Peer 1: 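For reference, the structure I am asking about is given below.
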Number of protein chains: 2
Amino acid sequence: MTPLEPDIKNDVDQVIETIVYLYTESRRLTKELARRASLTGPQLTVVKLLESIEDLSLSELSERIRAQNSTVTGIIDRMEREGLVVRERSKEDRRVVKIRLTDKGAELAREIPVEPMEVFRQALSSLTKDEVRDLLRILAKLTKKAKTIIRRDIEAERPREAAADERPSRSRLQD
Amino acid sequence: MTPLEPDIKNDVDQVIETIVYLYTESRRLTKELARRASLTGPQLTVVKLLESIEDLSLSELSERIRAQNSTVTGIIDRMEREGLVVRERSKEDRRVVKIRLTDKGAELAREIPVEPMEVFRQALSSLTKDEVRDLLRILAKLTKKAKTIIRRDIEAERPREAAADERPSRSRLQD
DNA sequence: GGCAAGTAGTTCGTACGCGAAATATTAGTC
DNA sequence: GACTAATATTTCGCGTACGAACTACTTGCC
């Protein structure tokens with residue numbers, strides 16, 4: 001591929017810096033807003049998700065908030081302890097656990113008007129339609145390339161010498 | 001020409017989705033690459049930072065990797081335990097702790113060619129120069145707006161006059 | 001000099017966040 | 001119907017990640 005020019009390298013770093021900034025600040029603000037309702041960031045996300053969808057399995061929840069099942073188990077544990085949600089085993093498939101808001105959790109959800117990544121949404125509203133389109137197009141191209149790189153890189157786990165053999169080397173992307 | 005269309009909301013969500021995807025996948029891959037050197041993601045970041053700069057105080061390190069001092073203390077603890085870095089009290093200011101790579105740490109750094117956020121860098125190289133410029137310009141505008149929102153929102157936390165009343169329960173600690 | 005205020009780093013408690021292993025249940029095969 | 005593979009969730013160990021409280025040291029001020 002075409003190697004980067006020095007000044008482009010600089011722009012690239014700037015782009016990375018910006019994306020990291022936007023992402024981390026957005027998370028931080030979500031956390032701050034959550035704190036006012038005595039919640040954590042992830043808990044707020046779960047509460048708002050369950051408010052709109054209601055009756056999600058733990059796996060579905062994990063997928064939505066981009067976390068592993070083992071992580072979500074802990075989050076739900078603490079929310080259950082606080083009386084915000086309840087676990088219910090599914091009748092059709094007894095392996096599945098459905099998560100629902102309690103009355104207390106639903107009331108809390110109503111009181112909090114925010115959505116996760118709200119900063120993004122508000123900030124994006126300051127862009128023109130064309131800018132949003134451009135942004136989306138470029139980011140889409142970026143994502144496509146990134147997916148290729150990720151796939152290649154995961155498969156190239158043991159490329160150098162055949163000395164390594166202890167790694168099963170399976171790809172695990174959940175997207 | 002049409003001022004507002006329903007699919008703009010869709011584009012906005014798409015942009016958010018994409019940025020989150022890029023960020024989280026990039027972190028995941030960094031972590032994966034670090035694992036091959038028996039490191040964690042943050043540890044890899046620290047090693048590569050110290051390779052290029054050498055002699056950073058803990059606070060400077062915290063700032064660079066966008067984490068709190070208390071977080072970095074733990075990371076350095078574990079790296080010191082592994083013999084990758086050493087702590088050294090500064091002569092000029094005995095409160096300051098300088099972090100340096102050991103020979104083992106320096107050698108490890110040399111063996112690892114990656115930098116954090118490497119996926120971004122590689123993926124961005126697939127864009128044209130103009131696209132990178134556009135992306136940078138739009139993201140800069142986005143950041144500016146986001147900063148305004150964040151500042152406004154933080155100020156709203158401590159209302160100078162008693163204008164807050166829609167918040168029912170006072171938030172306590174424990175979050 | 002002496003002391004109050006500030007700064008650098010650590011400690012502590014809590015909550016993610018992940019991967020590997022364990023458990024429980026369902027589906028597929030003969 | 002029993003055996004096996006697959007799926008959903010939990011458990012466990014470890015490493016971040018943060019804010020509040022604490023210690024050690026420095027600076028500012030008199």
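Letters A, B, ... are given to chains in the order of the sequence lines, protein chains preceding strands, and every chain is numbered from 1. Note that the structure is predicted; figures quoted are calculated from it, not measured.
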Peer 1: Does a nitrogen or oxygen in the side chain of B:Gln68 sit under 4.0 Å from OP1 or OP2 of C:dG9?
Peer 2: no
Peer 1: Roughly, in whole Å, what's the span from CD1 in A:Ile65 to C1' in C:dC16?
Peer 2: 10 Å
Peer 1: Hey, does the side chain of B:Arg87 come within less than 4.0 Å of C:dT10's phosphate (OP1/OP2), counting only N and O?
Peer 2: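 Yes, within the criterion.
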Peer 1: Mind checking which nucleotides bracket the chain A contacts on DNA chain D, 5' to 3', with an atom under 4.0 Å from a heavy atom?
Peer 2: D:dA6 to D:dC18
Peer 1: The test is side chain to side chain contact (heavy atoms under 4.5 Å, CB included); show your working for B:Leu39 and B:Leu84 and say whether it passes.
Peer 2: CA-CA 10 Å; B:Leu39 290 177; B:Leu84 299 173; 3.6 Å; yes
Peer 1: To the nearest Å, give me how far apart NZ (A:Lys91) and P (C:dT26) are.
Peer 2: 13 Å
Peer 1: Counting only heavy atoms not in B:Arg87 (residues, nucleotides, ligands), do more than 12 fall under 6.0 Å from its CZ?
Peer 2: yes
Peer 1: Roughly how far, to the nearest 0.5 Å, is the OG1 atom of A:Thr128 from the CG atom of A:Leu135?
Peer 2: 10.5 Å
Peer 1: Could you identify which residues of residues 71-79 of chain A place a heavy atom less than 4.0 Å from some atom of DNA chain D, listed by residue number, or say none?
Peer 2: A:Thr73
Peer 1: For B:Lys98, what residues pass the side chain to side chain donor-acceptor pair (under 3.5 Å) criterion, not counting sequence neighbours?
Peer 2: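 With sequence neighbours excluded, B:Lys98 shows a side chain to side chain donor-acceptor pair (under 3.5 Å) to no residue whatsoever.
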Peer 1: For DNA chain D, whose closest nucleotide is more 5', that of A:Leu58 or that of B:Thr40?
Peer 2: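 Nearer the 5' end of the strand: A:Leu58.
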Peer 1: Looking at every strand, decide which applies to A:Asp93 at a 4.0 Å heavy-atom threshold: base, sugar-phosphate, or nothing.
Peer 2: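 Touches sugar-phosphate only.
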Peer 1: To the nearest Å, how far apart are B:Leu61 CG and C:dG9 P?
Peer 2: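 Answer to the nearest Å: 10 Å.
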Peer 1: For the pair made of CZ in A:Arg94 and P in C:dT23, what is the distance, rounded to whole Å?
Peer 2: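 Computing the A:Arg94:CZ to C:dT23:P distance gives 18 Å.
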Peer 1: Should A:Glu51 and A:Lys48 count as an ion pair when the cut-off is N to O under 4.0 Å?
Peer 2: yes
Peer 1: Are B:Ile75 and B:Ile53 joined in one hydrophobic group, where the rule is that I, L, V, M, F, W and Y side chains link up if heavy atoms are under 4.5 Å apart?
Peer 2: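 As far as the 4.5 Å side-chain criterion goes, B:Ile53 and B:Ile75 are connected within one cluster.
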Peer 1: Verify the neighbour count for atom CZ of B:Arg66: are there more than 12 heavy atoms of other residues, nucleotides or ligands below 6.0 Å?
Peer 2: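 Yes.
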Peer 1: Decide, yes or no, whether a salt bridge links B:Glu131 with A:Arg137 under the criterion of side-chain N to carboxylate O below 4.0 Å.
Peer 2: yes
Peer 1: Round to the nearest Å and state the distance from A:Lys31 atom NZ to C:dC16 atom P.
Peer 2: 9 Å
Peer 1: For B:Leu56 and C:dA8, what is the distance between atoms CG and C1' respectively, to the nearest whole Å?
Peer 2: 15 Å
Peer 1: Step by step, would you call B:Lys31 with B:Arg35 a side chain to side chain contact (heavy atoms under 4.5 Å, CB included)?
Peer 2: CA-CA 6 Å; B:Lys31 189 177 170 185; B:Arg35 196 177 57 78; 5.9 Å; no
Peer 1: Round to a whole Å and report the spacing from CD of B:Glu60 to P of C:dA8.
Peer 2: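 One finds 10 Å between P of C:dA8 and CD of B:Glu60, rounded.
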Peer 1: Please determine whether a side-chain nitrogen or oxygen atom of B:Arg35 lies at a distance below 4.0 Å from atom OP1 or OP2 of C:dA20.
Peer 2: no
Peer 1: Ignoring hydrogens and geometry beyond distance, is the side chain of B:Arg95 in donor-acceptor contact with the base of C:dT7 at under 3.5 Å?
Peer 2: yes
